[in-house]
Structures are given as structure tokens and as C-alpha cells.
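Residue numbering restarts at 1 for every chain, and letters A, B, ... go by the order of the sequence lines.
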Number of protein chains: 2
Amino acid sequence: MSGYDRHAYEPFAVTVDLAVFTLRAGVLHGLLVERGEEPYAGRWALPGGFVRPDESAETAARRELAEETGLTDVSGLHLEQLRTYSEPGRDPRMRVVSVAFTALLPDAPEARGGGDAAQARWIPYGSARALAFDHDRILADARERVGAKLEYSCLATAFCPPEFTLGELRQVYEAVWGTPLDRPNFRRKVLATPGFVEPVPGAARLTGGRGKPAALYRAGPAAALHPPLLRTPREGRPA
Amino acid sequence: MSGYDRHAYEPFAVTVDLAVFTLRAGVLHGLLVERGEEPYAGRWALPGGFVRPDESAETAARRELAEETGLTDVSGLHLEQLRTYSEPGRDPRMRVVSVAFTALLPDAPEARGGGDAAQARWIPYGSARALAFDHDRILADARERVGAKLEYSCLATAFCPPEFTLGELRQVYEAVWGTPLDRPNFRRKVLATPGFVEPVPGAARLTGGRGKPAALYRAGPAAALHPPLLRTPREGRPA
DNA sequence: CCCTTTTATAGTCAACCTGACTGTAAAAGG
DNA sequence: CCTTTTACAGTCAGGTTGACTATAAAAGGG
């Protein structure tokens, strides 16, 4: 903060923007709200809002998340800072610096357009284009970050309910990465990672759809995956 | 931005803080400035300053980096957003939201206290305690991030001059991770990763200190490491 | 009620990667 | 000249991964 005591400073508006993801029927969805006013009236945008004077960005993000999803308890949800977007001109009205967050939800309560948004809705990722402001880019950055974190962290369980099958966990990876994974290999890898998942002791089995019932698991205490679960490297980079 | 059009907003001051790292004699150093005024007068702090109205945080960070290091060309240096710190009360005078950046320098020009700081100096990481504001935490977060990125990216070359030996590259990993690495295995791994480094074609050899002269390499076109170069997992997490 | 489809789970096998280690070469310093 | 230091080549066993086969247990359709 060398310029701290010498230069005059200009005030900025500070907002949070939320890239909220969930899985519905094995497809990655993002939460979007329809704007009611100019600029970008009628366009879809990420939920978010101003940071209040007594809040940190994290606190504001969690408050907005609760307002927008209609969930009464968002304390256990995964919420993580993505990055801050501060280009001049990203908001046509004034100078706005926005701290973007990524949130992951296990199930998808139908979004009630809480707060002040006209309406909120879960949209399959990729089917919404031309969002307001620079929200297309924020959403893409968030998805990329989530995909990368699946490789070396236990983040995937944040998409799952408290008890889940390994098939559901695999669907998280497949939906976010957009690649099918080998079932037996995925199973072996997950079970070999200490602390990733732990079996639910009771003779617990679940019948969701067709095939053989699957054993239930809970998220384990581990936060990181050692060694990581890597996406197939697209191609070797040529020298 | 659901609250965008309904709630009044409060202005914030927006600053950038820089965690600048370099290697001197194989030891990780951070760039710190001594504060000349209250609060925290006389204490060490991260370099940084206010974001100007026509700047993005990235632009402001690069400008401050040039001012603080005295380098005439900082365009090629690695500069990356770390995260944003926004706790109320992190600055006793006013509401300041700070976007923190991490920068990596190959060599260490003796820091001239450019800009407005009383003086700027390279301090071995870990020997400076009780920095001003929340800068201890920012610096620790930055080091952790750099250590993690060394695993799965080609970031290490950002600490090296344009041409370097594999020994120098290995010292980067050892200094940031605080662990000695096996020389032959490190060499094998780096050379087996396509695009990480490429040999300097001329009969290029360098004599730095003692032993056998080493071949010179340049940074290659790759940005990511596949598969990653992992730190030894400290210990298996107990179930 | 049988047969097909779907999913879970067990297991095999070869290729690859990694960590630990040995050996040789080429310089500097005493 | 001998020791120390660093670079570099190579070996070897164990672990991990990707590809693949096989079996079990359910649902759905005829």
C-alpha cells in the first residue's frame, strides 16, 4: 500500500457475483436470474448484489446465496472465492468491482426468485448465452475452476447429498468434465483414497433406478486427493 | 446482482497488495516495504496502493510492481490474482477492499524504495513477522498458492532467468516447498514432460559454482504439467 | 415369467510412473 | 593429487492407471 498515504483515492461500488452449480438428472446446471431493469433488462445474469458496509465479501455472498436459492440453511454449502473482476467499463453506469464466488449445491430446490430478482432459474450449463455484464466469462471461469479442483480435491462430494452412491459421485465428475469415466476404475480410485468417502455402516442400500442397488457412502474427512484423479490429458503438447 | 437496483450502496476504497517472491542464493525472499505513516508506522508491509479510477486491479498491480521493484520492464513477469480480502476492520481508518496479487521475479534487483514507500527490501520468507494489516496472512496464502501451483503448472520457470540449468530449476522447487528433491529423479521428470523446458541448442554450458558444468535450458511452451510433479504427501490421512 | 437392459462390483493384465539407489564424468578447492 | 561438489546415465522394485472381462442384482418389456 505504498500509494496509500499519498494519492487521493476514488470510491468504488463493491458487489459479489455468484456462480452457483448443481446437478439435475446428471446434467450440470447453473443458477441464473432474469434482470428486471436497465442495463441488460430482460437478460439473464448471475445472482449477486452489493456488499454492505458491515460485511465481508464472503458474508455478502452467503447472504445472497440464501436469498436467491430460498434455502433456509446455507451454512454447510461449499462457497469459495473465484476471483475479482475489476475492468473499468464492465458496468456501464458506474465503477463496480465485483468479487465472484463459486457455490456448489447437492440437490436443486426449484429456485424461487427470492430477494429482488424478477425470477431465478436453473439453466443447463452451456444453454444460456449472452449473459449480462461480463457474467459469461465469470461463469466459464467458475466451471473451469470447479473442473480443475475435482482433480486434486474432494470437492465432488459437495454436489452430493449426505449419503450417496459411487455412481452418483461418478456422475459429478462426468457432468463437470464432460467425459465418461470407466466405472470400475473410478470405484477403485475413490475407495483407495483414504478419507475421500466412507461406507455407511448399516446394511444401507439404495434403489434409485434400474440396475443392482448400490452401497451408500458419506463424505470423508479428507480435503485433498493424494494422488490426484486426473482428467485424461487432452493431447501431448508438441515441442 | 439482484440487489443492484434496489439497495443503496456504500462506497469502498479498493487497493491492490502484492506478494512478490524471488530466489536469492537458493532462498525464497519476499518483497516488503517499511511503512512511514500511521497506522502501523515503522512496520513492514506488502507493497501496493490504490486502484485508480481508470485502471483494473491487474493494471494497478503491474504499475505498483514496476514502481516498487524499480524494473523498467515488468511486462514479462508472472503476475496473478491471489484473492480479495474484504473483512471489515482490516484497515482501521476506512473500509478498504484489497485485491491481492502474487508476482514472481527471476533475479532480484536490489529493491529501491520507489514510489512512496520509505524503503523496500527483500526479506527471506519466514523471517518477517507481524506485518501491517492482514499482510501476514496474505503472504502466507500467496506462498501456499505458489507451492501448490508448482505441482501442476510450469510456473517454476518464472523464478528463473531466460536460460537456466536444471539445478537452478530444482532449487526453485526446493526453496518453495522446503524439501530436498532427488536430483536424478527431478531431471528425469522434467525432461519427460513435453514443453516444460527445451535445451538451448548451442554448445551452451554455464559455470556457476563448483561441480560439472550443466546444460542450459529455456522455458518451453507448455503451461500445465501432465502428469503433475507432486510434493510427497505428508502422511496418509487416517480414516 | 423369461429375457434384455442397466447398473454395481470383483478381478486381471500390461504399460507407465515413481522413489530409492548406484555409478560415472567433469569441474573447483585445498 | 585428492576430496568435494554437481551433472548426468542408468537400474530395479513397487505402485498406479487404463483397458478390459466377468458376475450379480435389480427393472422393464414382451
Atom [atom1] of [X] to atom [atom2] of [N]: distance rounded to whole Å?
| X | N | atom1 | atom2 | answer |
| --- | --- | --- | --- | --- |
| A:Phe186 | C:dA8 | CZ | P | 11 Å |
| B:Leu166 | D:dA9 | CG | C1' | 14 Å |
| A:Asp182 | C:dA14 | CG | C1' | 15 Å |
| A:His226 | C:dT18 | NE2 | C1' | 15 Å |
| A:Leu181 | D:dT17 | CG | C1' | 13 Å |
| B:Glu168 | D:dT5 | CD | P | 19 Å |
| B:Arg187 | D:dT6 | CZ | C1' | 11 Å |
| B:Leu229 | C:dT18 | CG | P | 8 Å |

Item checked: Validation row, ring centre B:Tyr173 to ring centre B:Phe186 under 6.0 Å ->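 Ring centres of B:Phe186 and B:Tyr173 closer than 6.0 Å.
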Checklist line | Aromatic centroids of B:Tyr152 and A:Tyr152 separated by under 6.0 Å | finding: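 Here the rings of B:Tyr152 and A:Tyr152 have centres that are less than 6.0 Å from each other.
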Check: Checking B:Arg83 against B:Tyr85: charged group under 6.0 Å from the ring centre and within 45 degrees of the axis?
Finding: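 Yes, cation above the ring, under 6.0 Å and within 45°.
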Next item on the list: Mark yes or no: B:Arg143 above the aromatic ring of B:Tyr125, with NZ or CZ under 6.0 Å from the six-membered ring centre and no more than 45 degrees from the axis.
Entry: yes
Note to self: Pick the closest DNA chain D nucleotide for B:Arg188 and for B:Gly167 by heavy atoms, then say which residue is nearer the 5' end.
What the structure shows: B:Gly167
Checklist line | Short side-chain N/O contact from A:Lys189 to OP1 or OP2 of D:dT17, under 4.0 Å | finding: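 For D:dT17, OP1 or OP2 has a side-chain N or O of A:Lys189 closer than 4.0 Å.
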Check: Does the pair A:Arg170/A:Glu174 count as a salt bridge with the N-to-O cut at 4.0 Å?
Finding: yes
Considering only [options], which nucleotide approaches the side chain of [X] most closely?
| X | options | value |
| --- | --- | --- |
| A:Arg210 | D:dG28, C:dC17, C:dA27 | D:dG28 |
| A:Pro184 | C:dA20, C:dA10, C:dA8 | C:dA10 |
| B:Arg183 | D:dT17, C:dG11, D:dT6 | D:dT6 |
| B:Asn185 | C:dC21, D:dA25, D:dC8 | C:dC21 |

Notebook entry, point to check: Who does D:dT3 pair with, Watson-Crick or G-U, both distances under 3.5 Å?
Noted result: C:dA28
